[in-house]
Amino acid sequence: MRRMTPRMLAALWRGGIPTGDEALAEPSPAAVATAPLWRAAQAFRVVTVLYAVGQQVASAPYYHHRPLSWILIAVLVLWSVVSAILLSQWRYEHITRLRTVVVIADHLMVIALMASTRLVSDHAWYHKHQTIPTTMWAANVVIGAAVLTGPVGGVLSGIGIALVSIAVRAQWDVGLYTDATAPMLVSVGLALGLAANAARGAQHQLQRAVQLTAATRERERLSREVHDGVLQVLSYIKRRGTEIGGATTELAQRASEQEVALRVLLTEQGDLDPLAEPGSDAAQQDLRPLLTVQATPSVVVSVPGHPVPVSRRMGRELAAAAAAALSNAALHGGPEVKTYVLLEDIGKELIVSVRDDGPGIPAGRLAEAAAEGRMGVSRSIVGRIAALGGVAELRTDDGTEWEFRVPRGPDGRWGYVG
């Protein structure tokens with residue numbers, strides 16, 4: 001932790017922000033979220049200081065060490081000013097550490113001032129009246145602990161300060177049952193702690209939404225640039241290679257595969273759940289864009305009108321399997337072949353069908369290709385679907401039709417089996 005230099009302390013006293021080589025970093029999301037609570041707490045501190053001073057004026061005639069009582073009140077006022085200035089800051093680089101130190105010091109100060117009540121008054125007075133700091137001023141430390149650490153820290157702080165108050169006033173016999181100090185402090189700690197946690201959670205969601213928005217805009221910008229350049233070149237190579245035929249047919253097929261893969265990559269739209277960590281099992285995406293992006297004048301894609309959320313892995317694998325089937329249809333069916341892709345969500349199963357109106361695959365051709373070591377179909381299509389726990393079925397009676405069936409997982413979600 002960087003030490004507080006005189007320059008920084010002076011800036012904090014002025015309510016400003018250090019500049020130059022002591023410039024402050026961007027505030028953390030937690031600091032931004034709880035900044036209004038900290039400032040409201042310091043406004044409450046000012047009110048409690050006025051109440052404590054008023055209580056001192058009313059109680060001073062009954063103290064047997066009046067000068068000492070006024071010195072203690074002066075310490076209370078001075079510490080209130082210092083702590084309020086420090087806690088109301090939110091753009092200091094190590095603001096959380098600073099607040100932690102101030103809150104701990106605040107607790108020690110309150111406990112010391114409470115205990116000093118016995119130095120200025122006798123048992124008959126402190127047993128029946130408030131301590132010098134007053135219960136209301138002591139609530140500031142509970143508020144600080146709650147905003148800093150949450151409801152657990154707030155409740156523990158409230159219980160601790162309440163016990164100190166009861167011990168100083170020697171009210172163990174009646175204080176636990178008739179004094180409202182403990183319930184009030186614990187309630188304040190619980191309520192402010194819950195409010196602080198809610199504020200931090202809301203700020204986290206807002207930051208995540210901003211990041212997703214920025215990522216989406218950047219993806220759209222890159223998509224436009226890639227579409228105007230690389231995708232058009234790949235499409236041209238695919239078309240010309242198919243027209244020329246011969247040795248360039250394989251080049252056309254590879255260009256077609258890369259075109260589809262690049263389109264899929266550019267149209268992935270992130271998580272449906274904005275709080276899910278990218279790449280985790282909770283991260284999901286809509287399967288529909290991954291299929292509709294493969295539509296061309298010769299490829300018709302039909303999807304449901306509602307989102308079909310799947311895991312990232314399942315989305316990639318299904319889209320790749322469909323792309324492989326479309327590539328085979330274009331390669332073996334010729335430029336005039338029409339292909340149809342259909343996505344169905346029938347409850348227990350997710351079905352993706354890829355059908356073309358070409359000549360079909362001759363009987364035994366796939367087995368011959370596998371025997372020759374050509375594993376394109378078995379790896380690119382059958383293997384992908386099997387890895388998802390599904391089945392890839394091929395029909396060649398009238399044209400070629402692939403049907404990919406993936407069962408719903410035991411937790412009701414797609415893509416979490418296999």
Side-chain angles (χ1 to χ4, degrees), residues 223-224 226-245 248-269 285-308 310 314-345 350-361 365-366 376-377 379-382 384-385 388 390 392-406:
S223 297
R224 291 191 296 268
V226 172
H227 178 271
D228 294 340
V230 179
L231 288 179
Q232 290 189 0
V233 172
L234 289 174
S235 179
Y236 175 76
I237 295 174
K238 178 184 68 175
R239 185 174 66 255
R240 291 293 297 157
T242 303
E243 293 174 354
I244 295 173
T248 60
T249 302
E250 184 179 357
L251 178 62
Q253 180 183 3
R254 297 293 179 263
S256 176
E257 292 174 355
Q258 293 306 310
E259 179 189 5
V260 171
L262 189 56
R263 288 183 184 275
V264 170
L265 178 64
L266 292 176
T267 54
E268 287 184 344
Q269 292 300 314
Q285 59 188 156
D286 192 353
L287 177 60
R288 298 177 303 166
L290 302 181
L291 297 178
T292 56
V293 72
Q294 304 188 45
T296 66
S298 61
V299 177
V300 179
V301 180
S302 178
V303 296
H306 56 82
V308 182
V310 297
M314 180 175 179
R316 289 193 302 267
E317 295 301 302
L318 280 176
L326 291 172
S327 178
N328 286 334
L331 178 63
H332 300 291
E336 303 301 325
V337 70
K338 279 283 188 179
T339 310
Y340 305 87
V341 180
L342 175 63
L343 172 61
E344 299 176 272
D345 181 355
L350 195 64
I351 303 176
V352 178
S353 303
V354 181
R355 180 176 60 86
D356 65 60
D357 56 5
I361 301 176
R365 182 68 187 97
L366 294 181
V377 171
R379 290 179 179 175
S380 298
I381 299 179
V382 179
R384 279 192 167 100
I385 304 304
L388 296 174
E393 298 179 353
L394 175 63
R395 300 185 183 92
T396 59
D397 299 335
D398 183 14
T400 302
E401 180 178 3
W402 280 102
E403 186 173 85
F404 312 142
R405 292 178 172 269
V406 180

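The OG1 atom of Thr292 lies 10.0 Å from the CG atom of Leu343; values are rounded to the nearest 0.5 Å. To the nearest 0.5 angstrom, Lys338 atom NZ is 8.5 Å from Asp357 atom CG. One finds the CG atom of Leu318 at 9.0 Å from the CG atom of Leu290 (value rounded to the nearest 0.5 Å). Note that the CG atom of Leu326 and the OH atom of Tyr340 stand 12.5 Å from one another [nearest 0.5 Å]. A distance of 16.0 Å separates CZ of Arg355 from CH2 of Trp402, quoted to the nearest 0.5 Å. The distance from atom CG of Leu287 to atom CE of Met314, rounded to the nearest 0.5 Å, is 7.0 Å.
Shown here are the side chain to side chain donor-acceptor pair (under 3.5 Å) partners of Arg405, two or more places apart in sequence or in another chain: Glu349, Glu403. In this view, Glu344 satisfies the salt bridge (charged side-chain N to carboxylate O under 4.0 Å, His left out) rule with no residue, not counting sequence neighbours.
Of all the heavy atoms in Ala322 and Gln294, the pair that sits closest is C-OE1, 3.9 Å. Of all heavy-atom pairs spanning Gln285 and Arg316, the tightest one is OE1-N, 4.4 Å. Annotation for Ile385 and Ala321: closest pair CD1-CB, 4.0 Å, computed over non-hydrogen atoms. Across Ala324 and Ile381, no two heavy atoms sit closer than the pair CB-CG1, 3.9 Å. Contact detail for Val406 and Leu388: the closest heavy-atom pair is CG1-O, 4.0 Å.
With Thr339 as the partner, the side chain to side chain contact (heavy atoms under 4.5 Å, CB included) test is satisfied by one option alone out of Val354, Val301, Val300: Val354.
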Pair Val352, Leu342 - check side chain to side chain contact (heavy atoms under 4.5 Å, CB included), show working. CA-CA 6 Å; Val352 178; Leu342 175 63; over 6 Å; no
